[in-house]
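In what follows, a single structure is set out as structure tokens and then discussed.
Order of listing sets the numbers, starting from 1, for every ligand and every atom in it. Basis for what follows: all heavy atoms, side chains included, without hydrogens, waters or symmetry-related copies.
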Amino acid sequence: KEAETQTKLANVVVLATGGTIAGAGASAANSATYQAAKVGVEQLIAGIPELSKLANVRGEQVMQIASESITNENLLQLGRRVAELADSKDVDGIVITHGTDTLEETAYFLNLVEKTDKPIIVVGSMRPGTAMSADGMLNLYNAVAVASSKEAHGKGVLVTMNDEIQSGRDVSKMINIKTEAFKSAWGPLGMVVEGKSYWFRLPAKRHTMDSEFDIKNIKSLPDVEIAYSYGNVSDTAYKALAQSGAKAIIHAGTGNGSVSSRVVPALQALRKDGVQIIRSSHVNAGGFVLRNAEQPDDKYDWVVAHDLNPQKARILAMVALTKTNDSKELQRMFWEY
Ligand SMILES: NC(=O)C[C@H](N)C(=O)O
């Protein structure tokens, strides 16, 4: 009987990349002062014996870094490993443990390029495992629960933090000191409670199986950079980024992705030189940038990022530029993904 239930469990692979979920502090009181990326994947899994009731779980250490240091090469390496595992008949679901600082970028990247309907869950924690009320254990338990569930198939890359199931496309780190850190302007897709998931809505944007992008066809990612806007901003950063080889610049704009009159001439000139200009917004609760609102995008041949924040806009721009450098095509992709 025991053996029978064992064989029915889903096979879930935990790909560990580091972050605070693998962090360690000097004392249990250190919830904010600690070193990220210290604990190995075997130890993370062994720390939660209850996982064995949810799935057959095995771990792989893909890298061991704090996520603020992730590079495009790291993204590609992770993406390729995820694709290999997703292609394997022996794998039913994939969990990626990740630092929270760039978790939203990696989750969105995988959401765009992984051609699978198998569950891919990205998870992190706000406190290291050594701290009182550490959140990593439950977040990881929830990630494995969702990864091993039938209902999570075909819903794109997901993020399980603070008992919520979020779309990897929409979710963003909104605060750096609370365990309730990850939010989406459009709300979570569901909840996971005591190892069971409860769903309320589905992602509307193209992802995974329905995406025109495939990690297997992406050899490298082009240089896309972000320039931040504010009162009295100068055009120095924009020009410098273009000069250093950026193929597209994400304008992390004020409000509705608005552009200072001090910067507009430089952006017009850069576009004429072939650099793609993509207007996003750095407003905290989620921007909503529309074409030809605030700036004449049609006239200047600029692109708008719509509701994608600057760091997510950078991910889509890089992936999109592997296929096209046509601004109209880029804009279509920014509406569809
Ligand atoms: N909470 C965290 O995971 C933060 C850490 N700096 C990281 O992103 O790796």
Under 4.0 Å from one or more heavy atoms of A66, ligand 1 contributes atoms 9 (O)
Quick one: do T130 and Y34 satisfy side-chain hydrogen bond (donor to acceptor under 3.5 Å, both in side chains)? Show the steps, please.
-> CA-CA 9 Å; T130 46; Y34 58 86; over 6 Å; no
Between E104 and K173, what is the shortest heavy-atom contact and its length?
-> OE1-N, 2.9 Å
When rounded to the nearest 0.5 angstrom, what is the spacing between CD1 in I120 and CG in L85?
-> 9.5 Å
Protein residue, atom and distance nearest to atom 8 (O) of ligand 1, heavy-atom basis = S67 OG, 2.6 Å
Is any NZ, NE, NH1 or NH2 atom of the basic residue among R80 and E114 found under 4.0 Å from an Asp or Glu carboxylate oxygen of the other?
-> no
Looking only at heavy atoms of S69, does any of them come nearer than 4.0 Å to an atom of ligand 1?
-> no
Closest approach of any protein heavy atom to atom 1 (N) of ligand 1, naming residue and atom = T100 OG1, 2.6 Å
Geometric N/O contact E68 with ligand 1, under 3.5 angstrom = yes
G99: numbered ligand 1 atoms lying under 4.0 Å from its heavy atoms = 3 (O), 7 (C), 8 (O), 9 (O)
Considering heavy atoms of the protein only, find what lies nearest to atom 4 (C) of ligand 1 and give residue, atom and distance to 0.1 Å.
-> T20 OG1, 3.2 Å
In this structure, OG1 of T97 is separated from CG of L103 (nearest 0.5 Å) by 10.0 Å
Side chain, backbone, both or neither: the part of S125 lying under 4.0 Å from ligand 1 by heavy atom = backbone
Residues clustering with L270 (ILVMFWY side chains joined when closer than 4.5 Å, directly or via others) = Y228, Y230, V233, Y238, L241, I249, V259, V263, V264, L267, V275, I277, Y300, W302
